[in-house]
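What's counted below: heavy atoms across the whole structure, side chains too, no hydrogens, waters or symmetry copies.
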Amino acid sequence: MPDDDDPRQHPWWQHLPAERQQITLWGRRRRLLQQLLFSRRSQLLLMLTLLVLLTAGLAVAGAGGFSLALLLPLLLLPALAALSYWLTWREFHH
């Protein structure tokens, strides 16, 4: 995974002791993983995945109505946002 922030591309890398090189690489990998896990996109994807898995589990277990109630916010929020946008646009353009 060589890129601009790769410490191996630095001119002083060859002068770093081997054990320090390994520590530096592990620290870089840990920081990249933390950035990935704590990004807003990853957190949103994790929550949506958990919601879908929970809903699927409930639907398989026989609680279809309850699982549908869990999915309603995902289905209705875009419609509500579009309605709000349309009403605001009409207010200021008519």
Side-chain angles (χ1 to χ4, degrees):
M1 59 185 183
D3 59 302
D4 294 339
D5 295 332
D6 191 0
R8 293 172 289 195
Q9 302 299 320
H10 196 277
W12 284 93
W13 181 255
Q14 63 184 350
H15 302 294
L16 206 58
E19 63 274 356
R20 186 69 184 143
Q21 288 179 359
Q22 198 66 6
I23 291 171
T24 302
L25 287 176
W26 279 107
R28 179 174 181 265
R29 288 185 186 120
R30 182 182 46 81
R31 284 190 306 275
L32 288 174
L33 183 62
Q34 282 178 342
Q35 287 176 355
L36 177 70
L37 290 177
F38 294 119
S39 71
R40 189 158 175 87
R41 175 183 287 178
S42 296
Q43 290 175 350
L44 183 62
L45 182 63
L46 179 65
M47 287 296 133
L48 283 173
T49 304
L50 286 173
L51 180 65
V52 168
L53 287 175
L54 179 65
T55 305
L58 286 172
V60 168
F66 189 67
S67 62
L68 179 63
L70 281 176
L71 285 179
L72 279 178
L74 287 178
L75 300 174
L76 296 179
L77 227 64
L80 180 63
L83 178 64
S84 301
Y85 177 79
W86 180 69
L87 288 174
T88 304
W89 187 87
R90 278 196 50 183
E91 183 69 29
F92 289 104
H93 289 87
H94 283 290

Practice item. Might you point out which heavy atoms bring Ser67 and Ala59 nearest each other, and give the distance in Å? Key: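 Here Ser67 and Ala59 meet closest at OG-CB, 3.8 Å.
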Rounded to the nearest 0.5 Å, what separation is found between the [atom1] atom of [X] and the [atom2] atom of [Y]?
X: Phe92; Y: Leu87; atom1: CZ; atom2: CG; answer: 11.5 Å
X: Arg30; Y: Leu25; atom1: CZ; atom2: CG; answer: 12.5 Å
X: Leu45; Y: Arg40; atom1: CG; atom2: CZ; answer: 13.5 Å
X: Thr55; Y: Leu50; atom1: OG1; atom2: CG; answer: 10.5 Å
X: Gln21; Y: Glu19; atom1: CD; atom2: CD; answer: 9.0 Å
X: Leu83; Y: Leu76; atom1: CG; atom2: CG; answer: 11.5 Å

Review point. Does the Ser42 side chain pair with the main chain of Leu36, one donor and one acceptor, at a distance under 3.5 Å?
Key: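 It does hold such a pair.
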Check your understanding: Has the side chain of Ser84 got a donor or acceptor atom that lies under 3.5 Å from a matching backbone atom of Leu80?
Key ->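 Checking the backbone N and O of Leu80 against the side chain of Ser84, a donor-acceptor pair under 3.5 Å is found.
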Are [X] and [Y] connected in the hydrophobic side-chain network, where two residues link if heavy atoms are under 4.5 Å apart?
X: Leu74; Y: Leu68; value: no
X: Phe66; Y: Leu54; value: yes
X: Leu51; Y: Leu46; value: no

Point to revise | Gln34 CD: over 12 foreign heavy atoms closer than 6.0 Å | key: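 It does: Gln34 CD has more than 12 such atoms within range.
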